[in-house]
Amino acid sequence: MEKWMLIDGNSIAYRAFFSMPLLTNAAGQHTNAVFGFTLMLLKLLDQEKPTHVLVAFDAGKITFRHEGYTEYKGGREKTPPELSEQFPVLKELLNAFNISQFELSGYEADDIIGTLTRVADEKGVSTVVVTGDKDMLQLASDKVTIAVTRKGVSEVDLYSPEAIQEKYGLVPLQIIDLKGLMGDTSDNIPGVPGVGEKTALKLLHEHGSVENVLDNLDKLKGKLKENIENHKDDAIMSKRLATIFREVPIEQGTDEIRYDGYDAVKLAEAFRKLEFKSLIERLQLGADAGDAEEAAQASAAELSIHVIESDKDEALLEQLLQTLEKTDKNGLYIESVGENPHHAELIGMAVAAEEAVYALPITVLEQPFAAKLRDWLEQPSKPKYGFDLHKAELALTWRGIGFKGAAFDVQLAAYLLDPTEASQTLSGINEKHSLPAVPSDDAVYGKGAKFKVPAAATLYRHLALKAEAVRRLVPIMTEELGRTGMSKLYFDLEQPLSRILAGMESLGIKVEKRELETLGSDLERQLTAIISDIYKHAGTEFNIGSPKQLGEILFDKLGLPAKKKTKTGYSTDAEVLEELAPYHEIIPLILHYRQLSKLQSTYVEGLLKEIREETGKVHTYYRQTIAATGRLSSQFPNLQNIPIRLEEGRKIRKAFVPSEPGWYILAADYSQIELRVLAHISGDANLKEAFINDMDIHTKTAMDVFGVTAEQVDSNMRRQAKAVNFGIVYGISDFGLSQNLGITRRDAGQFIEQYLEVFEGVRRFMDDIKTQARKDGYVTTLLERRRYLNDINASNFNIRSFAERTAMNTPIQGTAADIIKLAMVQMDAALRERKLKSRMLLQVHDELVFEVPEDELELMKSLVPEVMAGALTLDVPLKADVNYGVNWYEAK
DNA sequence: ACGATCACG
DNA sequence: ACGTACGTGATCGTT
């Protein structure tokens with residue numbers, strides 16, 4: 001027997017919102033309407049046991065009811081942003097429930113439900129309609145019952161036609177007449193003034209319908225008669241407005257709203273995100289929310305853990321290897337201590353295979369009896385499923401142990417699924433999926449100064465739990481990547497790239513110690529001179545590097561005007577100092593001091609510390625799971641921020657040299673990749689044309705914005721146009737541009753307006769991407785990389801504006817990141833295929849750096865830009881410029 | 001541990 | 001009216 005449940009989504013969400021206190025989760029997302037909705041849903045699913053469920057939503061603001069009565073729903077307060085931000089969340093949650101949703105442009109939820117109840121009546125299917133709106137009572141029939149929420153949302157009153165008769169003395173269709181007479185302030189339906197529920201009911205009991213009341217006006221008298229006479233048309237129109245339209249063109253069959261129960265894993269994940277702990281418990285959706293350690297012990301107890309410590313355990317090892325032979329499903333966890341994998345100490349590993357987990361200290365791998373396990377690690381054909389295999393591979397490599405055959409990395413997958421998720425720990429990912437708890441690393445090892453490797457047994461148990469968690473997470477995350485359209489991005493791009501990055505990092509780049517030392521002593525001399533000069537001007541010695549002391553000297557002692565303040569005191573940043581330059585001779589000295597001491601401490605001393613004694617190389621660590629846009633980041637040392645803009649700093653690049661005598665450094669960088677990407681994704685005809693003709697984009701922008709010819713563009717106009725282009729990429733605001741150019745907000749605003757008039761496709765993109773972000777709660781890049789924007793519907797202007805700029809910037813910056821990553825994978829393949837000796841060393845967001853032997857120079861000069869430009873075909877050409885020299889400085 | 005500052009794209 | 005450009009990491013001084 002079919003049983004349908006049709007829910008008026010907007011109405012219930014509204015009721016829930018106003019009946020619950022404002023709840024928020026840790027991410028600042030309001031959740032009260034979603035919570036109330038869920039309580040109602042769980043209760044009614046249990047009570048009614050429907051076989052089919054549909055939640056209908058209103059779509060858009062304009063419905064057919066507005067035709068002829070534009071004020072419909074006019075007086076209504078705007079939906080509070082705290083509520084509207086919950087709709088995307090609610091819709092996502094309904095997906096986790098496996099409940100169908102429907103909305104149709106131009107119609108309200110009422111009409112969709114009205115249409116389906118008509119179908120239900122025709123088919124004779126027993127149906128319950130859930131709403132907060134008594135208007136819907138007009139749909140009641142012997143098959144259709146209306147559940148109207150009462151006080152909050154979890155209690156409902158059920159109305160059958162009999163119940164309506166009993167309460168109002170009306171048949172269901174007369175509810176429309178009731179509304180026609182009394183009106184409805186919330187929908188701005190006027191009705192007749194002075195007629196409320198009581199009078200309307202009396203009139204209807206006597207005359208039956210609005211029309212009959214109007215035909216029998218002579219039977220009325222006094223003020224009532226006068227009011228109805230004067231508002232005849234209003235009454236007729238109000239009745240029309242209150243009538244639910246039951247002929248909505250719904251195409252799909254009702255089979256599509258079948259409800260077969262929720263997906264516990266998805267639902268648990270959704271509840272966890274929303275922090276509905278009580279509901280997780282109530283539905284027994286996962287591990288108890290109790291003590292993590294306790295839970296870990298409980299799950300560890302169920303887990304059979306075998307420790308392999310010496311050749312006495314050879315039988316266990318054999319058992320592990322046999323299991324690995326039998327099945328490709330495994331979970332590998334390799335533990336290292338320390339942030340820098342090039343220096344990390346490996347302390348142990350665990351492999352989960354089928355029902356058992358095997359844990360061992362890394363030293364075992366170096367013993368002869370474990371040679372086969374080492375082979376397994378080194379075999380590309382033996383798939384490994386792990387967590388942060390990139391780091392593991394590097395740490396193993398430094399220990400002389402090879403690693404090949406990475407098949408899936410839970411950390412990398414988690415990053416793609418939500419690149420902004422702060423907790424990229426295995427424990428966090430595990431918890432998010434409501435799997436048996438794994439204690440956090442902090443809990444086991446302690447953090448910061450308290451870090452300590454625990455006793456062997458504790459360590460093995462922890463590693464075993466992590467390996468087991470990996471094994472369980474792999475299929476879940478593989479499925480999630482598929483569901484979010486990111487399988488290709490993961491398997492064809494990010495995963496291959498992680499191997500390539502590990503290779504680049506192990507290779508390292510040579511840095512001339514002598515060159516840095518020479519630069520350093522030069523800086524030292526200059527700094528000594530500047531420091532004493534500064535002391536002279538200040539009349540006292542102080543720590544110039546202390547913003548606090550500097551502020552006191554400048555603003556208190558020397559009496560310079562303070563411009564900006566920070567949380568802790570005066571701001572003394574370069575922007576402030578530059579404004580102060582005309583007031584005192586000390587200012588340029590301080591700016592110069594800052595510049596030189598930065599070079600000295602970060603780039604000379606800092607870099608020297610990173611050079612490996614044995615090889616003279618530095619080995620950066622590219623992190624693939626940090627940047628929210630999909631870019632890489634670089635650490636220990638950061639080789640993505642080596643100075644270039646000022647000549648003094650640029651000299652640092654002279655120290656970066658090829659590792660083989662007679663070779664060259666070759667650097668290729670994309671030309672205007674972000675604006676080219678913008679041209680493609682916005683489809684702006686003008687911007688596309690500019691790149692198709694390979695014009696100087698800033699000059700072209702200046703021509704269009706200022707309305708002049710190429711010859712008339714002076715350097716200042718070009719500079720301003722360049723700033724506008726930057727602004728566009730960042731998600732423009734007039735204030736931001738005015739700051740950058742030192743002009744008024746008005747002027748900046750006019751610039752932007754001028755720009756958007758000429759580049760109208762860009763304007764459309766900016767508008768569309770924000771709308772789409774509000775609807776979906778995330779934005780994507782060309783390769784479907786995703787970034788969630790939780791704040792896109794925030795009520796706080798600042799927070800929301802930030803999210804909007806992010807919505808505009810992320811597809812641009814992120815697509816550019818996609819493209820250079822593609823180029824890296826293709827370049828790696830090209831070097832292998834052609835068996836070239838040249839090596840890819842560095843990536844700096846839009847630039848790739850290689851070391852190249854002389855006999856490959858000519859080839860590489862054409863190959864690299866060719867591969868980079870051809871990495872992805874867009875509607876505009878991509879372009880890469882190439883340079884080379886005996887060091888990185890000369891490759892310009 | 002955190003904020004201010006400044007290096008890069 | 002609200003007050004900001006997007007994305008990172010290293011170093012220093014202060015708490």
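Note on naming: letters A, B, ... go to the chains in the order of the sequence lines (proteins, then strands), and numbering restarts at 1 for each one. Everything quoted here is computed from the prediction, not taken from an experiment.
Checked against the 6.0 Å centroid criterion, the rings of A:Phe802 and A:Phe797 do not qualify as a close aromatic pair. For A:His390 and A:Tyr621, the gap between ring centers is short of 6.0 Å.
Counting any heavy atom pair closer than 4.0 Å across all strands shown, A:Leu632 reaches no nucleic acid atom. Here A:Ala628 lies in heavy-atom contact (under 4.0 Å) with sugar-phosphate atoms only. Heavy atoms of A:Ala574 sit under 4.0 angstrom from primed sugar atoms or phosphate atoms, though from no base atom. Across all strands shown, A:Asn740 has heavy atoms under 4.0 Å from base atoms, whether or not it also approaches the sugar-phosphate. Nucleic acid contact class of A:Asp669 (heavy atoms, under 4.0 Å, all strands): none. No engagement by A:Ala803 is indicated, since no non-hydrogen atom pair under 4.0 Å with the nucleic acid exists. Across all strands, A:Ile626 comes closer than 4.0 Å only to sugar-phosphate atoms, never to a base (heavy-atom distances). At the heavy-atom level, A:Asn641 lies under 4.0 Å from base atoms of the strands shown. Within 4.0 Å of A:Gln739, counting heavy atoms only, lies no atom of the nucleic acid at all. Contact annotation for A:Arg645: base contact, defined as any heavy-atom pair under 4.0 Å involving a base atom. Contact annotation for A:Arg745: base contact, defined as any heavy-atom pair under 4.0 Å involving a base atom. Nucleic acid contact class of A:Ile812 (heavy atoms, under 4.0 Å, all strands): none. Looking at heavy-atom distances under 4.0 Å, A:Val729 makes no contact with the nucleic acid at all. Using a 4.0 Å heavy-atom distance criterion, A:Thr566 is classed as a sugar-phosphate-only contact.
Distance from the side chain of A:Tyr730 is smallest for C:dC6 among the nucleotides C:dC6, C:dG7, C:dA10. In the set C:dA5, C:dT15, C:dA10, C:dA10 carries the atom at the smallest distance from any side-chain atom of A:Lys598. The nucleotide whose nearest atom lies closest to any side-chain atom of A:Lys567 is, among C:dG7, B:dA4, C:dG3, B:dA4. Closest to the side chain of A:Thr572, from the set B:dC6, B:dT5, C:dG7, is B:dT5. In this structure, of B:dA4, B:dT5, C:dG7, it is B:dA4 that holds the atom nearest to the side chain of A:Thr568. Checking C:dT8, C:dA10, C:dA5 against the side-chain heavy atoms of A:Ile732 singles out C:dA5 as nearest. Side-chain proximity of A:Phe797 to C:dG3, C:dG7, C:dG13: nearest is C:dG3. Here C:dG9 is the nucleotide among C:dG7, C:dG9, B:dC6 with the atom lying nearest to any side-chain atom of A:Asn638. Side-chain proximity of A:Phe802 to C:dA5, C:dG7, B:dC8: nearest is C:dG7.
For A:Ser571, no side-chain nitrogen or oxygen approaches OP1 or OP2 of B:dA4 to under 4.0 Å. Side-chain N/O atoms of A:Gln595 include none lying less than 4.0 angstrom from OP1 or OP2 on B:dA7. Put simply, A:Ser546 has no side-chain N or O that comes within less than 4.0 Å of OP1 or OP2 on C:dC12. Listed pair A:Asn543 / C:dG13 meets the phosphate criterion, a side-chain N or O lying under 4.0 Å from OP1 or OP2. Side-chain nitrogen and oxygen atoms of A:Ser801 include none within less than 4.0 Å of the OP1 or OP2 phosphate oxygen of C:dT4. For A:Arg631 and B:dG9, the shortest distance from a side-chain N or O to OP1 or OP2 is not below 4.0 Å.
The gap from the C1' atom of C:dG3 to that of B:dA7 amounts to 26 Å, rounded to the nearest Å. Straight-line distance between the C1' atoms of C:dC2 and B:dT5: roughly 27 Å, to the nearest whole Å. Across C:dA1 and B:dC6, the matching C1' atoms stand 33 Å from one another, rounded to whole Å.
Here C:dA1 sits opposite no nucleotide as a Watson-Crick or G-U wobble pair (both hydrogen-bonding atom distances under 3.5 Å). In a base pair of the Watson-Crick type (N1 to N3 plus N6-O4 or O6-N4) or a G-U wobble (N1-O2 and O6-N3), with each distance short of 3.5 Å, C:dC12 is matched with B:dG3.
Here B:dA7 presents its C1' atom at 9 Å from CG of A:Leu599, a figure rounded to the nearest Å. Nucleotide B:dC8 holds its C1' atom 13 Å from the CD atom of A:Glu674, rounded to whole Å. With rounding to whole Å, A:Lys722 atom NZ is found 16 Å from C:dA5 atom C1'. Between the NZ atom of A:Lys892 and the P atom of B:dG9 there is a distance of 15 Å, given to the nearest Å. If you take CG of A:Asn340 and P of C:dG9, they are 14 Å apart, rounded to a whole angstrom. The distance between atom CG of A:Leu678 and atom P of B:dG9, rounded to the nearest whole Å, is 20 Å. Rounding to whole angstrom units, CG of residue A:Asn809 and P of C:dT8 are separated by 10 Å. Regarding A:Ile590, its CD1 atom lies at a distance of 15 Å from the C1' atom of B:dA4, rounded to whole Å.
The base of C:dT4 is paired with the side chain of A:Ser733 by a donor and an acceptor separated by under 3.5 Å. At a cut-off of 3.5 angstrom, the base of C:dC6 holds at least one donor-acceptor pair with the side chain of A:Gln813. Applying the 3.5 Å distance criterion, the base of C:dT4 shares a donor-acceptor pair with the side chain of A:Arg805.
Between A:Lys598 and A:Glu605, no side-chain nitrogen of the basic residue sits less than 4.0 Å from a carboxylate oxygen of the acidic one, so the salt-bridge criterion is not met. Ionic pairing of A:Arg787 and A:Asp418 is not present here: no N-O contact between side-chain nitrogen and carboxylate oxygen is shorter than 4.0 angstrom.
Taking the ring centre of A:Tyr778 as origin, the terminal cationic atom of A:Arg786 falls inside the region bounded by 6.0 Å and 45° from the ring axis.
Side-chain N or O atoms of A:His698 include none that pairs as donor or acceptor with a backbone N or O of A:Ala721 at under 3.5 Å.
Contact of the A:Thr425 side chain with the A:Asp442 side chain is not registered, since no non-hydrogen atoms from C-beta on lie closer than 4.5 Å.
Side-chain atoms of A:Gln411 and A:Gln624 form no donor-acceptor pair, as typed in the model, at a separation below 3.5 Å.
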Verdict with supporting geometry, A:Ile819 and A:Tyr670, side-chain contact (heavy atoms from CB on, under 4.5 Å): CA-CA 10 Å; A:Ile819 292 172; A:Tyr670 278 111; 3.5 Å; yes

